[in-house]
Amino acid sequence: MYKLTASINNKQSEHVAYLKVPSIEEGSWENETGTSITEAQLGDTVYFRIKTLDISSGEKLNLRLYDYDHLLWINSLNPDEGEFDNEPVKMDVVVSNGIAKVQLDLPLSWTKSVKDGYGKLELYWDVTYGNRKKSLPEDRKQYLDVRYSEQELFVKPSEADPAFPDMYSMEGEIIVPLELITGEITDEIKGRLEDVLANFLDKSLTKKYVLTKLQKGYLVASDGRVYQRSRTFQRTYLTDSNGVVTVNQSADFEFRTRRGGKMITVSTKDINQYDFFYKSASGNMKMRVLATMNFIDAVWSLTEMCHSFMTGSKSLPLPGPFAILGIMGENLLNQIDTDLEQKFMEDLAIAKSEGFEAVMKILNSGYREKYKMGHLQMSLSVATRIIAGELKTLSEVESAIGSINTDEPWNVEMLYRNGIMPGNDHPIKIVEAFFMNDTDN
């Protein structure tokens, strides 16, 4: 802003005019609490705060990210790198009351860029407003030094929903919020969240659960116990709504056994298997939804999700960004898994769908040693800390397991294997899947 005065007949006027000249003043890197920083790691989320002068609120600044590069301290001999993963990082940010603030996720896929920078990146922005341009921060000592992530443990995303971990019941039924929670709420949510969610267990979900149980060979017998048999055949049932359902299920069986000092006959004949699992599914399905919600509750805000329902969303959009969580992106996963045998990947996928016991069988067939695979039993609270990226190493997970509250059920099995981080060849651990035991919830 410049001050102008006017002279009339060699006398200074009492009127003073000010000429506003918009300018980009200064900028600094910050963490989520607003504290100034100059260091970060891949996997972190950082912020950049820009101070402006005489730029109106609502106006946009154009930003492009650069990595300071130099040769023998002569910058002109080695132009700064303006691409990351072969793509420029450009953003527009809106000025509000003289301040503009931008969020930057530092993805793990930039590992190669860090390696090319001899172990670090030195980040700054070129900020443009109209024909004005300025590099910020002005002092190179305030550039952001970004180094390799210290994170060792990464959660594999689900193929059904890459924003959610690969999670199954112990029987191999995939657990994904978008599959389990359906419907639309347009009125105000009232009552406990558990009661609200229970209302979303519609017939299609229950039907899917029943068909899965029967196709996997589960049958209830006359003694009230559920058995599993491998031999199947096709059978048709009449539903309560006079619909017809055809499913492959295990063959009926009958045997004699001694119980309580008496010989009894145990049989599945003349039992409507579809009806049994349909009527008993609601409790199981409700438990499954609430168990999944416990995961989400620890990582994302329930308030945000309820708001999504109330605004008329027909599905459950999970708030992000997921780059800051322990769940790795699909591109990074594909780079890590390039050397895996196709047969191993197929065998493991099939085993997951058949349940935790099937996974243990293929591990013991030689895969455990070859891929350094293992599993850990833990509580739901420890699993959520892994998903949230709070526990970054296997040793931290083992320490957390050792301090689990004795009253907390150990109802989650975590399957993991070794991997190599592309770009710097550091060893990492990949969480292949979580298996949840419904009966312990």
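Both backbone and side-chain heavy atoms feed into the values below; hydrogens, waters and symmetry mates do not. For clarity, every value in this text was computed on a predicted model and none was experimentally measured.
K101 pairs by the salt bridge (charged side-chain N to carboxylate O under 4.0 Å, His left out) definition with E30, not counting sequence neighbours. Scored by the side-chain contact (heavy atoms from CB on, under 4.5 Å) test, S36 finds S28 as partners (sequence neighbours excluded). The side chain to side chain donor-acceptor pair (under 3.5 Å) test applied to T393 returns S395, not counting sequence neighbours. In this structure, the side-chain contact (heavy atoms from CB on, under 4.5 Å) partners of S135, at least two apart in sequence or on a different chain, are Y124, D126. Applying the side-chain contact (heavy atoms from CB on, under 4.5 Å) criterion to V89, with sequence neighbours excluded, gives L65, F84, M91, L104, W110, W125. For the salt bridge (charged side-chain N to carboxylate O under 4.0 Å, His left out) test, residues two or more places apart in sequence or in another chain that qualify with K352 are D166, E432. With sequence neighbours left out, the side-chain contact (heavy atoms from CB on, under 4.5 Å) criterion links T128 to N62, K133. Listed by chain and number, the residues in a side chain to side chain donor-acceptor pair (under 3.5 Å) with N364 are R368 (sequence neighbours excluded). Take F435 and apply the ring-ring contact (aromatic ring centres under 6.0 Å, His included) test, not counting sequence neighbours, and it matches Y168, F356. For E408, the side chain to side chain donor-acceptor pair (under 3.5 Å) test picks out S379, S381, with sequence neighbours left out. Annotation: salt bridge (charged side-chain N to carboxylate O under 4.0 Å, His left out) contacts of K120 (sequence neighbours excluded): D145. Among residues two or more places apart in sequence or in another chain, the salt bridge (charged side-chain N to carboxylate O under 4.0 Å, His left out) test is passed with E32 by none.
One distance of note links CD of E413 with CE of M170; it measures 5.5 Å at 0.5 Å rounding. Distance CD1/I401 to CH2/W410: 6.0 Å, rounded to 0.5 Å. A distance of 10.5 Å separates CD in E26 from CG in L53, rounded to the nearest 0.5 Å. If you take OG on S113 and CG on L42, they are separated by 8.5 Å, rounding to the nearest 0.5 Å. Atom OG1 of T33 is separated from atom OH of Y47 by 10.0 Å, given to the nearest 0.5 angstrom. For the atom pair K392 NZ and S149 OG, the distance stands at 6.0 Å (nearest 0.5 Å).
Using the six-membered ring where Trp is involved, Y68 and Y143 have ring planes that are perpendicular, over 60° apart on the 30 and 60° scheme.
Ion pair R385/E390 flagged as a salt bridge, since at least one NZ, NE, NH1 or NH2 atom sits closer than 4.0 Å to an Asp/Glu carboxylate oxygen. One finds a salt bridge joining R140 and E122 here, because a Lys/Arg side-chain nitrogen approaches an Asp/Glu carboxylate oxygen to under 4.0 Å.
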Steps toward side-chain contact (heavy atoms from CB on, under 4.5 Å) verdict (D54, V21): CA-CA 6 Å; D54 293 332; V21 180; 5.7 Å; no
Please walk me through it: do D105 and Q103 pass side-chain contact (heavy atoms from CB on, under 4.5 Å)? CA-CA 7 Å; D105 297 324; Q103 174 181 311; 3.5 Å; yes
Passes side-chain contact (heavy atoms from CB on, under 4.5 Å), M378 versus I386? Steps please. CA-CA 11 Å; M378 63 189 63; I386 296 170; 3.8 Å; yes
Between V93 and F48, is the side-chain contact (heavy atoms from CB on, under 4.5 Å) condition met? List the steps. CA-CA 10 Å; V93 59; F48 195 76; over 6 Å; no
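For K134, the NZ atom is densely surrounded, since the number of other residues' heavy atoms within 6.0 Å is greater than 12. Around the CG atom of N97, the shell of radius 6.0 Å holds no more than 12 heavy atoms that belong to other residues, nucleotides or ligands. Around atom CD of E398, more than 12 heavy atoms belonging to other residues, nucleotides or ligands sit under 6.0 Å away.
When all heavy atoms of A400 and V382 are compared, the pair lying nearest together is O-CG2, 4.0 Å. Closest non-hydrogen pair, E83 versus P88, comes out as CG-N, 4.0 Å. Of all non-hydrogen atoms in Q41 and L106, the two that sit nearest each other are O-CD1, 3.6 Å. Contact detail for M373 and Y367: the closest heavy-atom pair is CG-O, 3.9 Å. For the residue pair N411 and L380, the shortest heavy atom distance occurs at OD1-N, 3.5 Å. The shortest non-hydrogen separation linking I55 to P22 is CG1-CB, 3.7 Å.
Proximity of E396 to E152: side-chain heavy atoms (C-beta onward) are nowhere separated by under 4.5 Å. Side-chain contact between L348 and L415: present, with at least one pair of heavy atoms (C-beta onward) separated by less than 4.5 Å. Considering only heavy atoms from C-beta on, W29 comes within 4.5 Å of L123 through its side chain. Residues V94 and K60 are in side-chain contact: their nearest non-hydrogen atoms beyond the backbone lie under 4.5 Å apart. By the 4.5 Å heavy-atom criterion applied to side chains, L394 and M414 are counted as neighbours. In this structure the side chain of Y129 never reaches within 4.5 angstrom of the side chain of T52, judged on heavy atoms. Side-chain contact between Q273 and Y218 is absent, with no heavy atoms from C-beta onward closer than 4.5 Å.
S365 places a side-chain N or O within 3.5 Å of a backbone atom of I362 that can act as its donor or acceptor partner. A distance-only check finds a donor-acceptor pair linking the side chain of D139 to the backbone of K141 [under 3.5 Å].
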